[in-house]
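Inspection log for the structure reproduced underneath, given as structure tokens.
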Amino acid sequence: MESHVDLGFLLHALMPSWNSVPLLSGFFTYLAIAGSVLPGKVVPGVALPDATRLHYRCNGLLSLLLLVALLGIGANMGFVSPTAISDRGLELLSTTFLFSFLVTLVLYFSGCESQSKGSSLKPHISGNLIHDWWFGIQLNPHFMGIDLKFFFVRAGMMGWLLINLSILMKSIQDGTLSQSMILYQLFCALYILDYFVHEEYMTSTWDIIAERLGFMLVFGDLVWIPFTFSIQGWWLLKNSVELTTAAVVANCFVFLIGYMVFRGANKQKHVFKKNPKAPIWGKPPKVVGGKLLASGYWGVARHCNYLGDLLLALSFSLPCGISSPIPYFYPVYLLILLIWRERRDETRCAEKYKEIWAEYRKLVPWRILPYVY
């Protein structure tokens, strides 16, 4: 009987509802206005195949801090409930899912109508409706002057923080705030803030440069990132964990090492692209075939940035202890994704760089983790 009741409750909780619509539309409206109006560094994107460049206004950090401040003031004055999100998590999840579905249908049909010949808006239609809807048909569709791809990535990362903060408020309200919850919240908040401090690095990532905007990206940004990356927080609301001091210290170490590798590797590559002669770790960089960096973190493993990512993901789950596999969904998923992505990268780089890549592989034999893989 118990499971029957649980299932009924779950299905009811998962029903999209009109109550979630004002929350979502308020969030998107704020982001659209703040993203267009607030000051921020305007960063030129990578040159597209037709030699044009898009320009991105990187004011995500300011938009996020202002939003959190406004919500804090609103909660203080009783205009908004700090647990508005954590009280209706599943309902918000399904409403956002429905929104992603509808938005990508609109993107598909408006993309088909496009007469544009430019790289950003030229429609790529395979004729297979499911394929085109899933992968998208335009590289950088716009709506009212807003670059939608950049907008959705930003919404997903901010949404993750807002969900976490609402979970935090609920645990304070319920009197269940624990050391584990504080650690989880702290690590995620630092990671998300760091993401927005370095938002301009985002403009040169694969998703922004090469992936078309379809259901895969929109769902990934709006549903997958905020709702699955916060599973640990939801789990900690219902389960209490006692951490030893040694466990807390070890957890902080995993986070710091992960952060150092992740941010260090990405920064080295970013600096190298801007100035191939800039010293790395105090020495002139080793470069293979005039193109590939084989110094610093990139001399340790060919995809060492992924190692940093995995350690960070692990540090978000470790505060939950080891009594349940549920909080480890994110690091396990990420491990599978990154190994698949690393295989895809290897194939692409082998085609692009040919013998230079073979030489780089000889010089740097490890893929992600030295002496293991």
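Residue Phe79 is not grouped with residue Leu23 when hydrophobic side chains (ILVMFWY) are merged at heavy-atom distances under 4.5 angstrom, including chains of intermediate members. Residue Ile137 is grouped with residue Phe101 when hydrophobic side chains (ILVMFWY) are merged at heavy-atom distances under 4.5 angstrom, including chains of intermediate members. A continuous path of ILVMFWY side-chain contacts below 4.5 Å connects Phe99 to Leu105, so both sit in one hydrophobic cluster. One hydrophobic cluster holds both Val218 and Phe28 under the rule that ILVMFWY side chains link at heavy-atom gaps under 4.5 Å. Hydrophobic clustering of Ile, Leu, Val, Met, Phe, Trp and Tyr side chains at less than 4.5 Å, counting indirect connections, keeps Val37 apart from Met144.
A donor-acceptor pair is defined here as one N or O able to donate and one able to accept, closer than 3.5 Å; no such pair exists between the side chain of Glu200 and the backbone of Val43. Side-chain N or O atoms of Asn266 include one that pairs as donor or acceptor with a backbone N or O of Phe262 at under 3.5 Å. Between the Trp298 side chain and the Cys304 main chain, no donor and acceptor come within less than 3.5 Å of each other. Of the possible polar contacts, one joining the Ser178 side chain to the Met181 backbone as a donor-acceptor pair under 3.5 Å is found. A donor-acceptor contact shorter than 3.5 Å is absent between the side chain of Thr83 and the backbone of Lys170. Looking only at distances, no side-chain donor or acceptor of His303 sits under 3.5 Å from a matching main-chain atom of Ala301. Side-chain N or O atoms of Ser230 include none that pairs as donor or acceptor with a backbone N or O of Asn164 at under 3.5 Å. At distances below 3.5 Å, at least one donor-acceptor pair connects side-chain atoms of Asp132 with backbone N or O atoms of Ser126.
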Item to complete: Apply the test ring pair (Phe, Tyr, Trp, His ring centres under 6.0 Å) to residues Trp224 and Phe329: give CA-CA distance (whole Å), side-chain angles for both, the deciding distance (0.1 Å), then the verdict.
Response: CA-CA 12 Å; Trp224 189 260; Phe329 172 81; 5.7 Å; yes
Worksheet item: Going through the distances and angles, do Trp235 and Tyr184 end up as a side-chain hydrogen bond (donor to acceptor under 3.5 Å, both in side chains)?
Response: CA-CA 11 Å; Trp235 188 85; Tyr184 163 73; over 6 Å; no
Item to complete: Apply salt bridge (Lys or Arg N to Asp or Glu O under 4.0 Å) to Arg302 and Glu346, showing your working.
Response: CA-CA 9 Å; Arg302 299 196 293 275; Glu346 289 275 323; 2.8 Å; yes
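Under the 30°/60° scheme for interplanar angles, the aromatic rings of Tyr259 and Phe255 are found to lie parallel.
For Phe143 and Phe151, the gap between ring centers reaches or exceeds 6.0 Å. You'll find the ring centres of Tyr195 and Trp160 outside the 6.0 Å limit. Residues Phe97 and Phe227 keep their aromatic ring centres 6.0 Å or farther apart. Between Phe229 and Tyr330, the gap from one ring centroid to the other is short of 6.0 Å. Aromatic pair Trp366/Tyr297: ring centres not closer than 6.0 Å.
Separating the CD1 atom in Ile231 from the CD1 atom in Ile167 is a distance of 10.0 Å, to the nearest 0.5 Å. Remark: Phe150 CZ to Met202 CE distance equals 7.5 Å, nearest 0.5 Å. Interatomic distance, CG of Leu24 versus OG1 of Thr29, reported as 10.0 Å (0.5 Å rounding). Here the CZ atom belonging to Phe135 is positioned 13.5 Å from the CG atom belonging to Leu213, to the nearest 0.5 angstrom. Atoms CG and CG, on Asp309 and Leu337 in that order, are 9.5 Å from each other to the nearest 0.5 Å. Within the model, atoms OG1 of Thr203 and CG of Leu54 stand 10.5 Å from one another, a figure rounded to the nearest 0.5 Å.
Nearest heavy-atom pair, Ser315 versus Val254, reported as atom, atom and distance to 0.1 Å: CB-CG1, 4.0 Å. Between Phe27 and Gly159, the shortest heavy-atom contact is CZ-N, 3.9 Å. Across all non-hydrogen atoms, the minimal contact from Leu363 to Ala294 is CD2-CB, 3.7 Å. Scanning all heavy atoms of the two residues, the minimum distance from Asp87 to Ser81 falls at OD2-OG, 4.5 Å. When all heavy atoms are compared, the tightest approach of Leu162 to Val68 is CD2-CG2, 4.4 Å.
For the ring-ring contact (aromatic ring centres under 6.0 Å, His included) test with Trp133, the passing option among Phe219, Phe215, Tyr108 is Phe215; the others fail.
Within a 6.0 Å radius of CD1 in Ile322, other residues, nucleotides and ligands contribute 12 heavy atoms or fewer.
Put simply, the side chain of Val288 does not reach to within 4.5 Å of the side chain of Tyr353, judged on heavy atoms.
Under the 4.0 Å criterion applied to side-chain N and carboxylate O atoms, Glu211 and Lys149 are not assigned as salt-bridge partners.
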